Amino acid sequence: MSATYDPHAVEKSVQQTWEEAASFRASESGAGDKFYCLAMFPYPSGQLHMGHVRCYTLGDVINRYQRLKGRNVMQPMGWDAFGLPAENAAIKNGIPPASWTRDNIAYMRGQMQALGFGIDWSREFATCDPDYYHWEQWFFTKLYEKGLVYRKSSVVNWDPVDQTVLANEQVVDGRGWRSGALVERREMPQWFLKITDYAEELLDELDRLEGWPESVKSMQRNWIGRSQGVDIDFPIPDTDDTLTVYTTRPDTLLGATYVAVAAEHPLARRAAQSSPEVAAFVDKCRNRKTAEADVATVEKEGVPTGLSVTHPLSGEPLPVWVANFVLMEYGSGAVMSVPGHDQRDWEFARKYGIRIVQVIEPADAEACDLDAEAFVSYGRLVNSGSYDGLSSAEAFDAIAAALEGKGLGRRRTNYRLRDWGVSRQRYWGCPIPMIHCDDCGIVPVPEEDLPVRLPTDVTFEGVRSPLTTMESFYAVDCPGCGKRARRETDTFDTFMESSWYYARFASPDANTPMVDDRANYWTPVDHYVGGIEHAILHLLYARFFHKLMRDQGLVRSDEPFTRLLMLGMVLMDGRKMSKSSGDAANPQALLDKYGADAVRTAMMFAAPPDQSFEWSEAGVEGQARFCRRLWNLVHEHLAGGDVPALDPAGLSEAGRELRRKTHETIARADDDYGRRLMFNTVVSAVHELCNLVGRTEPANDQDRAAAREALRTALIVLSPIAPHVTQALWRDLGEASLLVASRWPEVDESALVQEMVELVVQVNGKVRGRLQVAHDADDAAVREQALANDNVVRFVDGKTVRKVITVPGKLINIVVG
RNA sequence: GCCCGGGUGGCGAAACUGGUAGACGCGCCAGACUCAAAAUCUGGUUCUGGAAACAGAGUGUCGGUUCGACUCCGACCCCGGGCACCA
């Protein structure tokens with residue numbers, strides 16, 4: 001290898017070496033415990049952005065570290081290829097989504113290869129491959145047979161001009177992004193998966209996911225949202241019907257002064273027929289996004305319907321309001337309102353002059369002023385007849401029992417989690433394998449007719465899915481009766497594809513349904529790496545799918561991801577990096593200028609993985625400089641000739657110091673890679689080690705042997721992060737084996753022993769001096785030495801020593817007063 | 001609005017279990033090399049005062065616990081992620 005460092009030549013040659021040695025081809029028969037290392041596959045948006053570079057470098061660092069630790073590692077890569085952007089590109093530029101996607105994949109694959117990721121490319125697939133979505137369709141029909149799939153009406157954003165359904169993202173300020181038309185809420189029949197059947201298991205198993213960050217588990221817990229409450233029936237006068245609401249606070253039932261229903265609720269519709277005001281309000285509610293954030297931040301408004309219901313305990317009539325903060329898709333679409341003890345109800349009641357009744361008083365000294373705000377804590381019941389004096393908890397049971405006795409209530413465990421709507425009125429997705437027959441109703445596509453292939457020779461006329469007008473696609477014979485029937489033209493939510501791809505990587509060519517037994521060797525994924533933005537939806541759906549596959553007998557484990565690393569966002573100009581970020585976000589220019597090792601090292605060095613940070617190019621120059629320095633350091637060392645076998649007894653003091661640093665670095669980096677997942681400090685540690693090698697002038701041949709050991713260590717330790725330059729220098733040091741096939745070095749504990757340690761002396765918690773003491777010096781001697789220190793004397797003199805606190809090996813704090 | 005994070009020099013950060021705040025790097029300043037520049041090397045670099053020794057202040061804000069707080073507790077401010085059709 002040449003004397004000057006040429007990153008591009010080095011990287012090309014080393015990548016070829018890996019290719020020839022098939023270094024990253026994974027096999028079930030490999031030596032060592034299996035380790036499935038997976039980074040969330042990308043959407044093929046066109047080119048990699050810095051967020052991708054971060055994610056896949058982190059994944060590759062884990063991959064290469066685990067190899068050094070002797071694991072049989074599999075790191076695959078694929079493409080989450082269905083989705084909106086391809087369709088938008090097609091509409092905008094007339095390029096068919098399939099070819100646009102294929103081109104993007106080819107380009108991005110090349111970029112990943114240039115970055116030197118140790119991926120087993122033989123397992124690659126894209127979710128738009130019929131070989132992949134075939135099994136998704138097969139699985140859906142199995143779930144249908146099991147009763148886990150159903151059809152129900154649900155609300156979508158409707159663009160009345162383009163006559164199409166919009167994603168939340170495509171609604172800007174209440175208007176369609178393309179047409180500018182005011183978006184309407186519209187109900188449509190859609191396919192749903194019964195994720196709520198698994199709510200309890202999805203929640204309870206979180207407690208066993210020890211390798212997941214607490215924050216993510218907490219987000220999932222809150223999302224699933226288990227609560228204990230009561231369904232309460234409010235009889236509707238002059239009918240046999242009741243209006244059912246769910247509440248977690250039945251103790252406040254006697255404080256209910258009205259009930260509120262959603263604009264889509266049957267009672268609201270009934271009222272709208274006779275009241276123009278109600279009709280106008282219901283109509284106004286149609287121009288609202290479906291996103292919860294919009295609903296939660298909207299100004300709370302409502303109108304009385306003129307209807308009333310009967311309070312189930314007091315028998316008094318309660319007015320029914322239509323309110324914009326009640327959602328039809330949550331529970332029954334109706335809530336009871338207790339303005340005295342719920343802040344939202346309090347504000348609504350204040351605004352519209354509705355009665356506010358106190359039924360809970362504080363059980364302790366807590367402040368309670370219903371003229372200022374609602375009292376939302378638990379307490380003791382008042383103004384509640386026979387329930388007065390009970391605690392909230394006692395009243396919960398007593399009132400629930402009373403309602404149950406009257407047949408007007410039932411205790412129920414409720415989940416906030418809603419069933420998963422998987423229908424999308426779009427073209428570029430996996431066709432839903434269902435057929436609508438006038439006579440037979442819903443008929444799943446028979447197994448032998450799968451896959452239902454998505455036609456790729458399509459032209460977009462306007463923005464609607466071409467499938468809806470493509471007779472060759474939708475016109476089919478009913479598999480049941482043979483009569484003409486209509487194929488479903490909706491496609492799946494793309495979260496369907498990303499919910500089981502990790503299992504498919506284990507057996508990418510399986511055509512026994514879905515996956516084969518190799519999935520039981522590789523799954524669960526040992527370490528899953530991806531962006532924090534996926535903390536809830538993707539991970540929850542994938543966990544759900546894993547349990548569905550388990551119950552189908554396809555996998556044996558309960559959870560798909562053993563350990564989880566959630567990456568912070570890479571920001572550009574303070575904003576989330578996206579497909580629309582400009583050139584600054586494009587790693588290609590950096591790659592061309594500095595090479596992969598500098599880009600990878602700079603990315604790892606910039607911040608710990610879980611932290612969001614603003615990307616800037618500045619750090620890359622510095623790490624390119626470091627790669628060069630490392631190169632020169634090794635070559636200067638080699639110019640000194642061969643070194644003898646290391647014998648620690650022959651080291652100078654500086655040599656011993658270097659050797660201590662070497663073994664400290666091994667221990668520290670091992671912990672940082674394996675436990676802490678702090679790769680930025682690994683880079684720092686290698687910098688420090690190399691700085692010391694450069695500063696240490698060898699006094700003898702043994703010192704040179706220590707320098708050799710330090711350099712070998714630096715190369716192994718850095719190799720997961722900067723795999724090319726370290727491999728090239730490894731060979732220059734005369735090592736015949738590849739670094740990727742090497743083993744993590746052992747720490748020599750005897751090298752860590754330090755005879756003298758520095759001790760900090762504090763007076764009243766402030767540093768006033770430093771001592772050099774023997775590492776095994778006893779407390780009394782250290783204390784005496786500390787009190788004799790000149791600067792310490794200045795602060796202690798004339799005062800009484802009240803206390804002396806010693807932290808062995810660290811500090812001594814003298815408390816004076 | 002709700003749930004989950006974050007806030008430390010000019011900048012990215014480190015300080016892991018309550019024990020030296022600012023490791024490592026970027027930038028900047030000075031010096032060496034050079035006709036010169038780039039590159040490279042050496043030294044300095046939290047702020048204030050001081051030639052220095054050293055002193056005072058300092059981890060978003062305010063308060064608390066402690067011999068000792070970036071770290072624990074309470075209240076608040078600001079920024080980011082998610083909120084079910086972006087992926």
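Treat the numbers as computed from the prediction; the structure is a model and nothing was measured. In the text below, chain A, chain B and the rest are named by the order of the sequence lines, each starting its count at 1.
- Residue S215(A) places its side chain closer to G5(B) than to any other of A15(B), G1(B), G5(B).
- Nucleic acid contact class of W223(A) (heavy atoms, under 4.0 Å, all strands): base.
- Between F545(A) and W420(A), the ring planes lie perpendicular to each other; the angle is over 60°, past the 30° to 60° tilted range.
- Counting any heavy atom pair closer than 4.0 Å across all strands shown, I805(A) reaches a base atom.
- Counting to the nearest Å, the P atom of G6(B) and the CD atom of E614(A) are 19 Å from each other.
- Within 4.0 Å of H538(A), counting heavy atoms only, lies no atom of the nucleic acid at all.
- In this pair, F495(A) and H538(A) present their aromatic rings parallel. The plane angle is below 30°, not in the 30 to 60° band.
- Rounded to whole Å, the P atom of G22(B) lies 15 Å from the corresponding atom of G10(B).
- Considering only side-chain N and O atoms, T494(A) lies under 4.0 angstrom from the phosphate OP1 or OP2 of A87(B).
- When the side-chain nitrogen and oxygen atoms of K803(A) are compared with OP1 and OP2 of C67(B), one or more of them lie within a distance under 4.0 Å.
- Side chain of R676(A), nearest nucleotide from C85(B), G81(B), C16(B): C16(B).
- F605(A) comes within 4.0 angstrom of a base, heavy atoms only.
- Nearest to the side-chain atoms of A606(A) among the listed nucleotides C4(B), A87(B), G12(B) stands G12(B).
- Comparing the P positions of A37(B) and U20(B) gives a spacing of 44 Å, expressed to the nearest Å.
- Nucleotide C72(B) has G64(B) as its partner under the Watson-Crick or G-U criteria, with both atom distances under 3.5 Å.
- Across all strands, M678(A) comes closer than 4.0 Å only to sugar-phosphate atoms, never to a base (heavy-atom distances).
- The phosphate of G1(B) has neither OP1 nor OP2 within less than 4.0 Å of any side-chain N or O from R344(A).
- Within 4.0 Å of N813(A), counting heavy atoms only, lies at least one base atom of the nucleic acid.
- With a glycosidic angle more than 90° from 0, G56(B) adopts the anti conformation.
- Ring planes of F82(A) and Y133(A): tilted class, angle from 30 to 60°.
- Ring orientation note: the planes of F41(A) and Y501(A) are close to parallel, at an angle under 30° on the 30°/60° scale.
- Among the nucleotides C86(B), A87(B), U20(B), the one closest to the side chain of A167(A) is C86(B).
- Among the nucleotides A87(B), G1(B), C16(B), the one closest to any side-chain atom of L84(A) is A87(B).
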